[in-house]
Amino acid sequence: MKTLNDFNFENKKALIRVDFNVPLNDKFEVTDATRIISAKPTIIKILEDGGSCILMSHLGRPKGFQDEFSLKHIADKVEEILGVNVITVADCIGNDVETAAASLEPGQVLLLENLRFYKEETAGDEAFAEKLSKLGDIYVNDAFGTAHRAHASTTIVAQFFEGKKCFGNLLAQEIESINKVMETGEKPVLAVLGGAKVSSKITIIENILDKVDHLIIGGGMSFTFVKAQGGKIGNSICEDDKMELALDILEQAKAKNVQIHIPVDVIAADDFSNDANTQILDINAIPDGWEGVDAGPKSREIFHKVVMESKTILWNGPLGVFEMESFAGGTIELGNSIAEATKNGAFSLVGGGDSVAAVKQFGFADKVSYVSTGGGAMLESLEGKTLPGIAAILK
Ligand SMILES: Nc1ncnc2c1ncn2[C@@H]1O[C@H](COP(=O)(O)OP(=O)(O)OP(=O)(O)O)[C@@H](O)[C@H]1O
Ligand SMILES: O=C(O)[C@H](O)COP(=O)(O)O
């Protein structure tokens, strides 16, 4: 696996694919700069080597040139985080960009305009990738969040850098963290999967059964398993067409000696709102008119015990409707347990959109071993797929 340490960037121009697809508010201010902060070590290492950096990224899903998706909105933030002047250009290919790249001095940083202003980016167009490739001497992919896309700047461009391409620090760290859980993790290995739907997690569950000793299935997903086993789940969310599959997963787990933990009780609400009436019920005895919205106290206790006994922990998906304060308790307690286990020496990885949002919101981000910067990329990695952006560097 080629990393930054395999190159000396002195007097070299590094063409770096970063994922600066960060959330902006209506004043175009960056509301979560994690992805920019995470790319800093790679950029600084190259500058300290005596090289220069050409940063390229997408922002959102624009249709053609749309000012609201311009990377100029984030240039000040990038400059503030890096502590280095950032030169911007109004395009990502073309004469002006080539001139700006060619005149870049060691120690300087150039930020290109949104790659997705060209449909050729997402189409993985070779001619577009070749134009990008002309800008730099060495290609560095540090965009884990976009590594599951076979786009021009994440994948295709790599073919023009034979022997001159590598992973950035962030991407290398993401790969290492996933490997720690999926391949080399100290046992017992635990995966906690939550979230709304079984259907979006099936491939992950099936892949992960070969890797873990314990699997907690929480959140909205659990009701499909409970109903499939004959439980009464009231109005809780359920995918009836996945009940067969749920039973099959339970069988597979038994055969593979994986212990599955499904909540035994829930906080049930009579309405999907923060101020609904609530009661604690056994998960398989929820009357009509009530729905399970969070893990109950007995379940939390069981989950705490499993977490504390585990040496490697993966967490993807909340245990309840954590966006509503009244139903965030189970997710918060799980976060507390994982933080405590991490303090005691376990390795913990949090990945996926909503679980990452939850750990940030509740202040656990620096109490776990690693928080992934990838949403879809993380989920596809857990499905066991080799991401195209990663494969292109390994080639
Ligand atoms: N019991 C429940 N009933 C209804 N919704 C639930 C329940 N438990 C969790 N959820 C909802 O599931 C949603 C998260 O599910 P989802 O599968 O999208 O998340 P994720 O796995 O964290 O992230 P990703 O976006 O990466 O898939 C949250 O919005 C949460 O409110
Ligand atoms: O935020 C993300 O998941 C990545 O930046 C990829 O964005 P995309 O889903 O628009 O390709």
Side-chain angles (χ1 to χ4, degrees), residues 17-23 32 34-36 38-39 57-62 69 114-116 121-122 124 142-151 153-155 191-205 217-226 233-239 262-263 266-269 271-274 276 278 283 286 290-296 299 314-331 334 350-361 371-383 387-389:
R17 179 46 158 110
V18 286
D19 188 341
F20 285 173
N21 185 27
V22 289
D32 181 354
T34 308
R35 283 178 165 180
I36 303 173
S38 305
S57 179
H58 73 287
L59 177 64
R61 294 176 177 175
F69 294 105
N114 194 339
L115 295 156
R116 290 194 187 169
E121 162 64 359
T122 49
D142 212 19
F144 177 69
T146 327
H148 59 315
R149 308 285 184 216
H151 293 171
S153 68
T154 62
T155 304
V192 185
L193 296 181
K197 289 183 182 164
V198 182
S199 51
S200 61
K201 300 281 161 79
I202 292 166
T203 327
I204 295 182
I205 296 178
I217 296 178
M221 274 200 324
S222 52
F223 300 104
T224 302
F225 286 83
V226 173
I233 60 162
N235 295 23
S236 308
I237 58 167
C238 180
E239 291 169 285
I262 294 172
V266 289
I267 309 289
D271 186 24
F272 196 71
S273 76
N274 197 41
T278 60
I283 198 166
I286 306 173
W290 293 81
E291 62 183 301
V293 284
D294 197 5
S299 311
L314 164 77
W315 180 18
N316 169 260
L319 289 192
V321 187
F322 76 100
E323 299 91 337
M324 296 185 201
E325 204 187 333
S326 311
F327 313 135
T331 301
L334 175 73
V350 184
D354 282 301
S355 15
V356 170
V359 292
K360 285 182 183 166
Q361 186 181 329
V371 180
S372 176
T373 57
M378 181 68 189
L379 297 182
E380 289 197 22
S381 302
L382 298 178
E383 287 175 357
L387 309 185

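Indexing begins at 1, ligand by ligand and atom by atom, following the structure's order. Keep in mind that what you see is a predicted model, and the values were worked out from it rather than measured.
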message: For Val359 and Val371: C-alpha separation, side-chain torsions, deciding distance, then whether side chain to side chain contact (heavy atoms under 4.5 Å, CB included) applies.
response: CA-CA 8 Å; Val359 292; Val371 180; 4.2 Å; yes
task: Could you walk me through whether Met378 and Asn316 pass the side chain to side chain contact (heavy atoms under 4.5 Å, CB included) test, one step at a time?
output: CA-CA 9 Å; Met378 181 68 189; Asn316 169 260; 5.7 Å; no
message: Under the criterion side chain to side chain contact (heavy atoms under 4.5 Å, CB included), I'd like the reasoning laid out for Ser236 against Ile286: C-alpha separation, chi angles, the key distance, then a yes or no.
response: CA-CA 8 Å; Ser236 308; Ile286 306 173; 3.7 Å; yes
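Donor-acceptor pairing under 3.5 Å is recorded for the side chains of His58 and Arg17. In summary, the side chains of Arg149 and Thr154 do not present any donor paired with an acceptor at a separation below 3.5 Å, with no hydrogens or angles considered. Side chains of Glu239 and Ser199: a donor on one and an acceptor on the other come within 3.5 Å.
The pair Arg61-Glu121 fails the salt-bridge criterion, with no side-chain N (NZ, NE, NH1 or NH2) lying under 4.0 Å from an Asp/Glu carboxylate O.
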May I have a table of the N/O to N/O pairs between ligand 2 and the protein that fall below 3.5 Å, each row giving the two atom names and the distance to 0.1 Å?
residue	atom	partner	partner atom	Å
ligand 2	1 (O)	Asn21	ND2	3.1
ligand 2	1 (O)	Arg35	NH1	3.0
ligand 2	1 (O)	Arg35	NH2	3.3
ligand 2	5 (O)	Asp19	OD1	3.3
ligand 2	5 (O)	Asp19	OD2	2.8
ligand 2	5 (O)	Asn21	ND2	3.0
ligand 2	5 (O)	Arg35	NH1	3.2
ligand 2	5 (O)	His58	NE2	3.1
ligand 2	7 (O)	His58	NE2	3.4
ligand 2	9 (O)	Arg61	NH2	2.7
ligand 2	9 (O)	Arg149	NH2	2.8
ligand 2	10 (O)	Arg61	NE	2.7
ligand 2	10 (O)	Arg61	NH2	3.3
ligand 2	10 (O)	Arg116	NH1	2.9
ligand 2	11 (O)	Arg116	NH2	2.8
ligand 2	11 (O)	Arg149	NE	2.6
ligand 2	11 (O)	Arg149	NH2	3.4

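Remark: Asp354 pairs with Pro318, Phe322, Glu323 by the side-chain contact (heavy atoms from CB on, under 4.5 Å) rule, at least two apart or across chains. For Asp32, the salt bridge (Lys or Arg N to Asp or Glu O under 4.0 Å) partners at least two apart in sequence or on another chain are Lys360.
Within 4.0 Å of ligand 1, the residues that place a heavy atom are Gly195, Ala196, Lys201, Gly219, Gly220, Phe223, Ile237, Gly292, Val293, Asn316, Gly317, Pro318, Gly320, Val321, Glu323, Gly352, Gly353, Asp354, Ser355, Leu379, listed by chain and number.
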